[in-house]
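The figures that follow rest on heavy atoms only: side chains count, while hydrogens, waters and symmetry mates do not.
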Amino acid sequence: MAATLCCRLFPKSGWLPLSQSVRHGSKAVTRHRKPVHFLKQKLLAVTEYIPPTPAAPPAALAPRVRKPEEESALAVLLRKDLENLFKECKMIAVVQNNAINAEDLMVLKHKLKRHNISVKFFPNQVTRSFLSNSIYSNMLPLFVGQTVMLVSKEPKVKEMLQALKHSPQMVLLGACIENTLLSCQGILSYSKLPSMTTIQGEIVGGLTVMTSRTVSMLRHHPAHLSALLQQYVKQQGSGDSTNAVTDKDTSTIQEAAA
């Protein structure tokens with residue numbers, strides 16, 4: 001019994017306890033840094049060493065020389081075709097293509113071809129390069145995105161609007177009609193004008209009426225003058241005959257009295 005108690009109370013040599021308590025705490029004596037005086041801070045800021053910025057290498061300072069991009073042969077050919085198109089055609093309309101399918105585009109081409117209106121596709125880069133150096137430079141804002149040109153040698157605005165009415169994917173942006181830039185509203189107003197043949201007929205009719213009135217007015221005065229002269233001559237002839245009759249009567253009366 002005593003042996004077992006001694007074994008429990010006094011541990012064996014080389015035995016370590018299962019857990020040990022370790023104290024973690026700050027040191028008893030701590031030293032805090034005093035703040036630097038304001039004047040010393042200013043002195044340190046003034047006397048602080050600022051290293052010089054490293055010089056740029058000479059290769060970085062030289063500007064890069066870009067070689068001018070030469071136009072391809074296809075771009076030159078398209079530009080010439082565009083120039084001839086603007087010279088020959090009196091109506092050039094710009095339409096925005098909003099993803100029209102091939103079948104609807106073919107139907108639209110067929111409707112426009114009936115009235116001798118052609119559908120032309122040109123890259124915007126070629127078109128803008130041509131317009132920037134021409135008298136049509138005000139048309140530059142129209143060529144943004146996917147655009148199509150409707151051209152004809154005669155201004156057939158009514159026919160073009162009727163064809164575009166059934167194609168909502170093609171939006172009319174503007175047009176150059178007889179060297180005059182028109183907006184969409186201006187094109188609608190232009191389509192309401194009468195045709196050239198009607199205007200010419202009205203002008204010819206007005207001129208004919210004015211000519212006939214001028215001829216009648218010129219003939220009226222001589223005819224009226226001749227009528228007045230004839231009336232005057234008749235009056236003069238009747239006056240002479242009455243005077244002759246009165247003289248003869250007076251002479252016969254005098255003879256009878258004698």
Side-chain angles (χ1 to χ4, degrees), residues 64-203:
R64 295 181 180 179
V65 179
R66 293 185 179 181
K67 295 181 179 179
E69 297 181 358
E70 296 182 358
E71 289 185 344
S72 61
L74 178 61
V76 174
L77 181 62
L78 290 174
R79 190 170 179 177
K80 289 182 179 179
D81 292 344
L82 192 62
E83 186 177 357
N84 295 332
L85 193 70
F86 271 82
K87 287 181 179 179
E88 296 175 357
C89 298
K90 294 183 179 180
M91 186 187 76
I92 301 173
V94 183
V95 181
Q96 186 177 7
N97 182 11
N98 292 328
I100 187 172
N101 54 33
E103 184 178 358
D104 294 341
L105 182 60
M106 187 65 66
V107 172
L108 179 62
K109 284 183 178 180
H110 181 67
K111 289 180 180 178
L112 294 172
K113 198 65 178 177
R114 293 176 183 174
H115 307 287
N116 296 326
I117 302 175
S118 304
V119 181
K120 299 292 183 180
F121 295 89
F122 288 95
N124 284 346
Q125 184 178 1
V126 176
T127 309
R128 294 178 70 88
S129 65
F130 165 72
L131 293 176
S132 59
N133 299 323
S134 66
I135 60 175
Y136 308 100
S137 58
N138 292 331
M139 296 181 67
L140 280 173
L142 299 178
F143 292 92
V144 177
Q146 295 184 357
T147 54
V148 183
M149 286 194 294
L150 309 180
V151 299
S152 65
K153 293 185 178 181
E154 296 296 331
K156 299 182 179 181
V157 181
K158 290 183 180 179
E159 294 81 356
M160 181 186 66
L161 293 177
Q162 290 176 359
L164 291 176
K165 188 183 296 183
H166 303 286
S167 299
Q169 298 91 345
M170 307 294 280
V171 181
L172 184 63
L173 300 178
C176 179
I177 301 175
E178 294 181 343
N179 294 331
T180 304
L181 183 60
L182 299 176
S183 63
C184 185
Q185 189 63 34
I187 295 171
L188 293 175
S189 302
Y190 186 89
S191 64
K192 297 177 183 178
L193 296 175
S195 62
M196 187 63 69
T197 55
T198 306
I199 296 175
Q200 290 175 353
E202 291 179 356
I203 292 173

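With Arg128 contributing its side chain and Leu140 its backbone, the two residues share a donor-acceptor pair below 3.5 Å.
Interatomic distance, Thr127 OG1 to Lys120 NZ, rounded to the nearest 0.5 Å: 13.0 Å. Separating the CG atom in Leu105 from the CZ atom in Phe121 is a distance of 5.0 Å, to the nearest 0.5 Å. Between atom CG of residue Leu78 and atom OG of residue Ser129 there is a gap of 9.5 Å, rounded to the nearest 0.5 Å. Once rounded to the nearest 0.5 Å, the distance linking OG of Ser183 with CG of Leu172 reads 9.5 Å. The CG atom of Asn138 lies 6.0 Å from the CG atom of Leu181; values are rounded to the nearest 0.5 Å. The structure places CE of Met91 at 11.5 Å from CG of Leu182, a figure rounded to the nearest 0.5 Å.
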Pair up each side-chain donor or acceptor in residues 141-170 with any protein partner under 3.5 Å, not counting sequence neighbours, and list the distances.
from   : atom 1 : to     : atom 2 : distance (Å)
Thr147 : OG1    : Asn124 : OD1    : 3.1
Ser152 : OG     : Glu154 : O      : 2.6
Lys156 : NZ     : His115 : O      : 3.0

What's the verdict on salt bridge (charged side-chain N to carboxylate O under 4.0 Å, His left out) for Glu83 and Arg79, showing C-alpha distance, side-chain angles and the deciding distance? CA-CA 6 Å; Glu83 186 177 357; Arg79 190 170 179 177; over 6 Å; no
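Side-chain contact between Val119 and Leu108 is absent, with no heavy atoms from C-beta onward closer than 4.5 Å. In this structure, Phe86 and Ser134 have side chains that are not in contact, with every pair of non-hydrogen atoms separated by 4.5 Å or more.
Between Ala175 and Ala93, the shortest heavy-atom contact is CB-CA, 3.7 Å. Across every non-hydrogen atom of Tyr136 and Asn179, the tightest pair is OH-OD1, 3.2 Å.
Heavy-atom contacts from other residues, nucleotides or ligands closer than 6.0 Å to CD of Glu178 number more than 12.
For Phe130 and Phe122, the ring centers are positioned 6.0 Å apart or more.
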